[in-house]
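The structure under discussion appears below in the form of structure tokens.
Letters go in sequence order (proteins before strands), and every chain restarts at 1. These numbers come from a predicted model, not from an experiment.
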There are 2 protein chains.
Amino acid sequence: MPMPQTEAPGRLQAELLARGVRMTRQRRIILGLMETADQHLDAGMILRKARKLDPSINRVTVYRTLRLLKRHGLVDELDLLHLRGDGHYYERHPQREHLHMACLRCGKVMEFESSLFERLKGQVERDCGFHIVVTRVEMGGYCADCRR
Amino acid sequence: MPMPQTEAPGRLQAELLARGVRMTRQRRIILGLMETADQHLDAGMILRKARKLDPSINRVTVYRTLRLLKRHGLVDELDLLHLRGDGHYYERHPQREHLHMACLRCGKVMEFESSLFERLKGQVERDCGFHIVVTRVEMGGYCADCRR
DNA sequence: TCGCCTCCTGAAACCACGTTGCAAAAAGAC
DNA sequence: GTCTTTTTGCAACGTGGTTTCAGGAGGCGA
């Protein structure tokens with residue numbers, strides 16, 4: 001499940017520093033691996049990867065860092081329809097929002113950008129007087145490969 | 001957070017019977033209150049309501065019934081962006097899918113149907129060769145009332 | 001109507017994910 | 001380097017959901 005690498009590395013760290021957040025060794029590691037990830041990561045995966053770089057990192061720190069990033073709107077939280085379990089998956093907040101397609105058979109997660117979705121958001125804002133801050137679109141189904 | 005009452009009461013029960021599922025007193029109660037609910041319910045709310053009708057109902061039975069309904073595609077699962085906690089909310093699977101708008105300030109959940117969303121699904125099916133089975137659209141933001 | 005097989009239920013224990021409280025450690029401003 | 005403030009690791013806790021298993025009920029066929 002490849003994830004487009006659209007942002008400059010180090011951006012998460014730069015954003016936090018610009019907001020006056022203290023930069024620790026642990027945070028640098030976690031931010032770094034989220035920036036170079038080629039798939040959506042959950043807290044457990046992040047912890048395992050982080051421990052390879054620094055075995056003393058605690059899972060609490062991972063959760064706290066994820067919460068920090070979420071609060072600052074720097075990552076989006078997904079659950080990918082619980083196909084792979086109960087937890088949450090994280091991705092850097094993209095400049096252009098996309099929707100997620102998760103294959104019910106092979107588990108692959110694909111992303112898709114569409115101007116129709118931008119129009120849909122515009123319609124919601126106009127027709128409902130609702131000011132959208134975050135969106136989350138997840139579709140479950142069968143990918144081209146699994147349909148044979 | 002009103003929920004449009006678009007389906008005939010008893011439909012969930014009829015669907016399960018048609019599929020050869022055994023109908024118990026407990027299931028009748030749970031299905032009945034999901035059909036007449038005027039808002040999205042989570043497992044705890046369903047348990048509390050069910051116990052008013054039959055105090056011996058166990059939470060395990062609620063979870064098992066929800067899983068049964070989910071497996072049969074009769075209810076959709078939402079988490080409404082965790083605005084109200086970690087759990088999941090359930091609604092009867094509607095014939096016309098809609099998106100959910102959750103207000104970050106007052107917690108109100110609104111629903112919205114749009115032909116643009118139908119077109120978006122068509123685009124995904126065509127352009128990605130992805131056969132959509134379930135969708136889930138959640139938007140967080142500020143409702144007309146809370147924007148003053 | 002009864003009997004029987006099967007499926008379902010309640011109870012308790014369990015599990016996964018995430019959070020909290022607190023003392024020790026580290027950032028970073030001076 | 002010193003001092004203040006924030007962050008960390010650890011252990012204990014909370015919540016939402018699942019498993020195991022013995023007993024109980026559904027509903028079919030006679």
For the pair A:Lys70 and A:Glu77, find out whether any cationic side-chain nitrogen is under 4.0 Å from an anionic carboxylate oxygen. yes
Using a 4.5 Å cut-off between side-chain heavy atoms of Ile, Leu, Val, Met, Phe, Trp and Tyr, which other residues end up in the same hydrophobic cluster as B:Tyr63? none
A:Gln123: side chain to side chain donor-acceptor pair (under 3.5 Å) partners, not counting sequence neighbours: B:Ser114
Could you give the side-chain donor-acceptor pairs of residues 41-49 of chain A under 3.5 Å, partners two or more places apart or in another chain?
unit_1  : atom_1 : unit_2  : atom_2 : d
A:Asp42 : OD1    : A:Gly44 : N      : 3.2
A:Asp42 : OD1    : A:Met45 : N      : 2.8

Can you give one letter per nucleotide of nucleotides 19-25 of chain D, 5' to 3': B if a protein heavy atom sits under 4.0 Å from the base, S if only from the sugar-phosphate, - if neither? BB----B
Those residues at least two apart in sequence (or on a different chain) that pass ring-ring contact (aromatic ring centres under 6.0 Å, His included) with A:His100 are A:His40, A:His98
Is the phosphate of C:dA11, meaning OP1 or OP2, less than 4.0 Å from a side-chain N or O of B:Asn58? yes
Output side-chain donor-acceptor pairs under 3.5 Å for residues 18-33 of chain A, partner residues at least two apart or in another chain, one line each.
unit_1  : atom_1 : unit_2  : atom_2 : d
A:Arg19 : NE     : A:His72 : ND1    : 3.1
A:Arg19 : NH1    : A:Glu15 : OE1    : 2.5
A:Thr24 : OG1    : A:Arg27 : N      : 3.2
A:Arg25 : NH1    : A:Asp54 : OD2    : 2.0
A:Arg27 : NH1    : A:Arg22 : O      : 2.8

Polar pairs (N or O, both sides) under 3.5 Å between protein and nucleotides 15-18 of chain C?
unit_1 : atom_1 : unit_2  : atom_2 : d
C:dG18 : OP1    : A:His88 : ND1    : 2.9
C:dG18 : OP2    : A:Tyr63 : OH     : 3.1
C:dG18 : N7     : A:Arg59 : NH1    : 3.2
C:dG18 : O6     : A:Arg59 : NH2    : 2.7

Residue set satisfying salt bridge (charged side-chain N to carboxylate O under 4.0 Å, His left out) with B:Glu125, at least two apart, ordered chain then number -> none
Which donor-acceptor pairs under 3.5 Å do the side chains of residues 132-148 of chain B make with protein atoms, sequence neighbours left out?
unit_1   : atom_1 : unit_2   : atom_2 : d
B:Thr135 : OG1    : B:Glu97  : OE1    : 3.2
B:Thr135 : OG1    : B:Glu97  : OE2    : 2.9
B:Arg136 : NH2    : A:Asp79  : OD2    : 2.8
B:Arg136 : NH2    : B:Asp79  : OD2    : 3.1
B:Glu138 : OE1    : B:Leu80  : N      : 3.4
B:Glu138 : OE1    : B:Leu81  : N      : 3.3
B:Glu138 : OE2    : B:Asp79  : N      : 3.1
B:Glu138 : OE2    : B:Leu80  : N      : 3.2
B:Asp145 : OD2    : B:Lys108 : NZ     : 2.9
B:Arg147 : NH1    : A:Gly129 : O      : 2.9
B:Arg148 : NH2    : B:Cys146 : O      : 3.2

Which residues pass the salt bridge (charged side-chain N to carboxylate O under 4.0 Å, His left out) test with B:Arg96, not counting sequence neighbours? B:Glu113
Residues at least two apart in sequence or cross-chain that pass side chain to side chain donor-acceptor pair (under 3.5 Å) with B:Thr61, listed by chain then number, are none
Five pairs per end, C1' atoms only: what is the angle between the end axes of the helix from C:dT1-D:dA30 to C:dC30-D:dG1, to 10 degrees? 40°
Just to confirm, is there a sub-4.0 Å distance from OP1 or OP2 of D:dG9 to any side-chain nitrogen or oxygen of A:Gln26? yes
